[in-house]
Amino acid sequence: MKLKKTFIINALYIVVAVALILLAWWAASVTADSEFVVPTVDATFSAFKKVFENPEFWHGLVGTLLRSVIGFVVAVVLFFVTFFLSTAFNGFKRVVEPIIGAMRSLPAVAVTLILMLAVGGNVTPVVLGVLVIYPIMYSTAISRTATLPSELKEICILCGGGRFTMFKSVYLPCLAGGLPESLATTFSYNVKAVIGAEILAQTVNSLGMLMKLSQVYLQPAMLVAFVIVAVVVSVAAEAVIRLVLKIALRRFAD
């Protein structure tokens with residue numbers, strides 16, 4: 001009964017939020033009074049039919065998702081490897097932290113332009129996504145484990161635990177509670193970074209390229225439709241990642 005009530009309340013909040021967004025959108029379109037500035041809600045939803053009937057949209061969606069997933073997996077693997085090494089070797093941590101700080105400060109547009117020359121338009125979005133989300137993962141993990149009681153580490157050492165045991169038994173359980181939310185949110189950042197790079201790099205078979213073409217051919221309703229698709233895909237992916245990780249990491253969190 002309590003679970004059902006919570007679900008209904010959450011659904012009502014979502015409905016109210018969507019209604020407020022549509023109301024603000026309608027007010028903006030009326031105020032602008034121009035389809036080329038702010039397309040109407042009706043025109044945008046009419047554009048969805050054309051979007052879903054276009055084979056290029058599905059190729060673009062699959063391409064963007066594939067680049068996002070590849071970059072996300074690479075970033076997660078890189079994060080776990082470097083985070084383990086940082087917990088195991090203080091010297092490694094002191095070397096990698098300024099590198100992470102520099103990566104957080106990289107201007108995304110400039111890096112995209114450089115990557116286009118170095119690796120081409122198809123690989124650029126993947127690399128940029130990794131450069132954007134990897135520092136976020138690492139910094140979040142370091143902040144979360146900074147308050148670990150030193151007694152836990154000492155007990156692990158006294159019990160004969162090595163570096164990997166320390167990581168598995170002390171650091172990973174500390175991360176487990178926040179990891180589902182952190183990685184789910186990070187995936188959304190990754191999708192935004194990938195699409196932004198696709199627009200600049202004019203990557204074939206991508207949502208970013210479709211958005212760019214909509215802007216070039218003065219199709220604002222189609223452009224907004226593509227943006228809505230990207231948002232829905234990101235939110236859905238967040239929910240799936242969050243649920244899967246909560247189930248997978250339940251034993252650590254407990």
Side-chain angles (χ1 to χ4, degrees), residues 3-54 56-58 60-65 67-68 71-72 104 107-109 112 125 128-129 132-133 136 140 178 180-203 206-243:
L3 184 62
K4 183 179 179 181
K5 183 180 179 180
T6 302
F7 175 80
I8 293 174
I9 292 175
N10 290 337
L12 286 174
Y13 279 124
I14 293 174
V15 170
V16 171
V18 172
L20 289 174
I21 291 172
L22 291 175
L23 180 61
W25 184 357
W26 172 82
S29 65
V30 170
T31 302
D33 195 25
S34 173
E35 287 289 335
F36 294 103
V37 178
V38 182
T40 63
V41 177
D42 292 341
T44 301
F45 281 97
S46 296
F48 274 110
K49 183 178 180 181
K50 297 178 182 179
V51 167
F52 293 135
E53 290 176 350
N54 187 356
E56 292 183 2
F57 162 72
W58 298 106
L61 178 61
V62 171
T64 296
L65 281 176
R67 293 181 194 93
S68 299
F72 184 71
R104 284 199 304 265
V109 174
T112 301
L128 184 72
V132 168
I133 66 174
I136 297 175
T140 302
E181 186 65 34
S182 175
L183 292 185
T185 304
T186 303
F187 186 82
S188 288
Y189 287 135
N190 185 42
V191 173
K192 289 192 293 185
V194 166
I195 291 177
E198 289 173 345
I199 293 173
L200 284 176
Q202 299 184 22
T203 307
S206 69
L207 283 179
M209 186 60 177
L210 292 174
M211 291 178 184
K212 179 65 177 179
L213 291 174
S214 298
Q215 185 259 337
V216 169
Y217 293 121
L218 300 178
Q219 298 175 315
M222 193 75 73
L223 175 57
V224 174
F226 286 132
V227 171
I228 293 174
V229 169
V231 171
V232 171
V233 168
S234 297
V235 171
E238 269 195 44
V240 171
I241 293 171
R242 188 178 292 109
L243 178 62

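No hydrogens, no waters, no symmetry mates; every other heavy atom, side chains included, goes into these values. All residue numbers in this chain count up from 1 along the given sequence.
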Would you give the length of the straight line joining atom OG1 of T140 to atom CG of L183, rounded to the nearest 0.5 angstrom? 9.0 Å
Show the nearest heavy-atom pair for residues F226 and S214, with the distance to one decimal. CE1-OG, 3.3 Å
Any donor-acceptor pair under 3.5 Å from T64 side chain to L207 backbone: yes
Taking C-beta and beyond as the side chain, do V229 and F48 meet within less than 4.5 Å on heavy atoms? yes
Between T186 and S182 (side chain of the first, backbone of the second, donor and acceptor by atom type, cut-off under 3.5 Å), is there such a pair? yes
Quick check on Y189: does its OH atom have over 12 non-hydrogen neighbours (other residues, nucleotides or ligands) under 6.0 Å away? no
Taking the side chain as everything from C-beta on, heavy atoms only, tell me whether V233 gets closer than 4.5 Å to L61. yes
The reported gap from CD1 in I241 to CG in L243 (rounded to nearest 0.5 angstrom) is 11.0 Å
Heavy-atom closest pair (A225 atom, A47 atom, distance to 0.1 Å) is CB-CB, 4.3 Å
Compare every heavy atom of V132 with every heavy atom of A193, then report the nearest pair and how far apart it is. CB-CG2, 4.0 Å
Kindly compute the distance separating CD1 (I133) from OG1 (T185), expressed to the nearest 0.5 Å. 11.5 Å
Plane angle bin for F52 and F57 - parallel if under 30°, tilted between 30 and 60°, otherwise perpendicular: perpendicular
Distance from W58 atom CH2 to E53 atom CD, nearest 0.5 Å? 11.0 Å
How close do A230 and I195 get, counting heavy atoms only, and between which atoms? CB-CD1, 3.7 Å
Can you tell me how far CG of N190 sits from NZ of K192, rounded to the nearest 0.5 angstrom? 11.0 Å
Which atom of S206 lies closest to which atom of T203, heavy atoms considered: OG-O, 2.6 Å
Please give me the minimum heavy-atom distance between E198 and G208, naming the atom from each residue. OE1-N, 3.1 Å
